[in-house]
Amino acid sequence: MKRPVKRKKPVKKAGGGNLIIAGGKVIDPASGLEGMADVYIQAGKILKIETKRLIIGKKLKSSSAEVLDARGRLVVPGLIDMHVHLREPGREDEETILSGSQAAVAGGFTSICCMPNTDPPLDSQEKIKFVLERAKQALCRVYPIGAITKKQEGKELAELGDMFSAGAVAFTDDGHPVMSAEVMRRAMEYSKMFAVPIIDHCEDLSLSASGVMNESFVSTTLGLPGIPSVSEELMVYRDIKLAEYTGAKVHLAHISTAGSVELVREAKKKDISVTAEVTPHHFTLTDELVKTFNTNYKMKPPLRNRADLEALKEGLKDGTIDCIATDHAPHSAEEKETEFDQAPFGIVGLETALGLVVTELIEKEVLTWSQAIAKLTINPARILGLAAARIKGGYPADLTIIDPQGSWTVDVSKFKSKSKNSPFGGWKLKGKVLYTIVEGKVVFRPEK
Amino acid sequence: MPLKSKHLLGLEGMGKEEITLILDAAESFREVLERPIKKVPTLRAVTVVNLFYEASTRTRISFELAEKRLSADSVNFSSDASSVKKGETLKDTVRNLAAMKIDMVVIRHRSAGAPHFLARFLEASVINAGDGAHEHPTQALLDMYTLRKKYGKLKDLRVVIVGDIRHSRVARSNIWGLQAMGAKVVVCGPTTLLPWEVEKMGVEVFHNLDDGLNGADVVMVLRIQLERQESSYLPTLREYSQLFGITKERLKLLNPDFTIMHPGPINRGVEISDEVADGPYSVILDQVTNGVAVRMAVLYLLSGGEGKFEETS
């Protein structure tokens, strides 16, 4: 089934005039292009990629276009974060669609997908339309993801068709995962009509129960209730079997354990239509850090152990894990600065994602630049059917310019996000976003 | 030698020297408690707040007595009386305590890490009087004090902790403390009530009580709670009692001159039979008296006291 109305671009009009990004190293993972080129942009679209007659050395000024000097920089497709919580409607004190988009572009993201666990949840066409309406103010593209079930209660299917025609790009009950295998089966079958993925936050709630951290020797010494890895893996396995049975597109959000990686790897060998994402914090941090009782180490799924972290990196390397997504989860300081077991789960991630990818994956030779950028651009775009994510003539001019050697220190007080709940404050990271361009318009540039 | 930290948050990582320092100081305070006038001026002008967010009789009274006998000014908050029920957060409490210029805080809280939270934001010394299932260091110190008094040493004692290790802060603190002092610690309980990879703490693990008790010097009996039955850890307390209850029969497996300990309150007839709880080898009431001396020692050392307590006035 096609959308009855042509899907509108979530960004208002093309604000950009003519732009030339000159002298940078262009990486377009989809075509394998990786080399010096000038990128010409006109009316919000990429006009051409010039690899031979570069303007560097001649003149960096043009009367008809703004010229961005990208010498020594990388020019990549605009980053896409397919897992973001924007808190609007309901908790605008923690984040809004606008503030979330400001954080996104500061982190190099030109497209973000917002999760439906707002208050009220995004479980109807009217709410999807509300998000898209608010997104007109946003600095980047905002794609809503609808709820699978009404009120995210896991009982009755929400009107997926209605939400799809309004612009929902996928469906999930995310943090309130569908426990009934029957409901999940029907959701998968139903979603096939729209060819959009069902995204699952894999967690068997009866096993995770009151757990607040990974079940491990660390939880044993801290006396904190644990969330066992098997609570995730059982649901990963269920979803893989249901995907195989129904033939639906299934995407597994933020997988965190070695067992999950192995299950997805085996499923892909059998050509089951399953994809997976990992968060920067899961490939960077381990549960040892919970010993500080700092609630910025509390999230779901929880930080796991060293072996899990290594397995996630291996999964990224061999392609088992398709995407890197932040699970950006803003929480107010009041709620987060409390007893560990009382604090809400989740951390913000939009503004540290790229730095962590460069520092933890590229510098440590887990991924090449092209592989890493693919997991932040073309891969999520393909899963969700988004148009951008290419540097090629005719495509929307969504681009990110990165200083690959740029070192910076994370200062949470400078975050554009309304919430500052990040465990990475004070970290020194490599890889700095210089410019973010959405539909030909520079929406983020270095502060003067 | 003073203590390394100005807080007592737990016994994990605390070495033999520091524990010995506390136990030795407790010895001198134990002597004070035998006098007709059981009070010394040591902590005059020191203000201590006792924050009890969780019901406690024994530990709270023990701390209060210790503070009074050291002449400290003490203030009590308990969860019924304080503003907790009005929705005041722990962070608010921290701000208030900071404004009140308190010197020391004793905290009991249902959440693991609550004392660490206070320690991060306060200038005052923080003493953990039990945080969730994490640690209860003064209980373990008084258990060690009691055992050292009886046996003259802790090294090479075989101590078996029986019961719900998973939910026990007393067990965790005792495992760290006793092992630091050279004792051999054994844990014994139903598989469901031992936490993940508990053997990595350095303990020997048994699921059969007779095997666990065999050749032990000390049995530390933990309280078993009815809610463990309700949340599928146990079929019934009756079955628990059959498998893990300490009865007179089973005492035969222990070394001569054995000791039975219980951090209280006791479920008589469930984890321990009446005749064992009240037997001559039980030090349950000594534990209560020693608790005051040990807490006096901790308060004294954390307020800057060094080595053995000696009266100057």
Side-chain angles (χ1 to χ4, degrees), chain A residues 204-231 257 259 286-298 302-308 331-345 420-421 423 425-426, chain B residues 9-13 51 53-54 84 87-95 107 109-121 126 128 130-136 164-173 175-176 187 193-203 205 227 231-233:
Chain A
D204 183 314
L205 297 172
S206 70
L207 280 171
S208 57
S210 59
V212 296
M213 68 169 293
N214 186 35
E215 181 162 76
S216 64
F217 180 58
V218 183
S219 68
T220 289
T221 62
L222 297 181
L224 287 171
I227 300 173
S229 50
V230 71
S231 76
T257 76
T286 67
D287 60 358
E288 290 283 327
L289 293 160
V290 181
K291 286 180 176 171
T292 60
F293 290 106
N294 181 336
T295 57
N296 284 329
Y297 298 119
K298 181 176 176 184
L303 297 175
R304 305 288 187 182
N305 65 30
R306 181 62 51 184
D308 292 311
H331 288 293
S332 69
E334 286 75 14
E335 283 177 24
K336 203 68 175 168
E337 286 177 9
T338 184
E339 297 90 326
F340 194 86
D341 56 357
Q342 302 299 311
F345 293 94
K420 318 293 176 193
N421 52 312
Chain B
L9 301 177
L11 295 189
E12 183 181 3
L51 285 177
Y53 287 93
E54 195 182 60
V84 181
E88 184 174 290
T89 64
L90 196 56
K91 191 76 188 286
D92 292 327
T93 307
V94 165
R95 290 192 186 103
I107 177 172
H109 201 289
R110 67 180 184 287
S111 297
H116 308 67
F117 184 87
L118 292 192
R120 201 159 73 226
F121 294 107
V126 177
N128 182 358
D131 63 326
H134 178 221
E135 286 229 37
H136 191 353
D164 184 0
I165 314 290
R166 175 186 289 275
H167 299 97
S168 175
R169 53 192 171 212
V170 175
R172 283 175 179 77
S173 289
I175 289 169
W176 298 125
V187 297
L193 291 177
L194 297 188
W196 192 258
E197 297 181 331
V198 67
E199 67 285 353
K200 281 196 185 169
M201 292 178 91
V203 296
V205 181
E227 66 203 64
S231 51
S232 78
Y233 287 106

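First the proteins, then the strands, lettered A, B, ... as listed; each starts at 1.
Close approach to chain B, defined as a heavy atom under 4.5 Å from one of its heavy atoms, is seen in A:E337, A:T338 of residues 331-338 of chain A, taken by number. Residues of residues 211-225 of chain A lying under 4.5 angstrom from chain B, judged on non-hydrogen atoms, are A:E215, A:S216, A:F217, A:T220, A:T221, A:L222, A:G223, A:L224 by number.
Heavy atoms closer than 4.5 Å to chain A are found in the side chain of B:R172, but not in its backbone. Neither the backbone nor the side chain of B:H167 comes within contact range of chain A; no heavy atoms are under 4.5 Å apart.
For the atom pair A:N294 CG and B:F117 CZ, the distance stands at 10.0 Å (nearest 0.5 Å). We find the CZ-CG distance between A:F293 and B:D131 to be 6.0 Å, quoted to the nearest 0.5 Å. Taking CD of A:Q342 as the start and OG1 of B:T89 as the end, the distance is 11.5 Å to the nearest 0.5 Å. If you take NE2 on B:H109 and CG on A:D341, they are separated by 8.0 Å, rounding to the nearest 0.5 Å.
The candidate from B:G113, B:S231, B:A114 with the greatest count of non-hydrogen atom pairs under 4.5 Å with chain A is B:G113.
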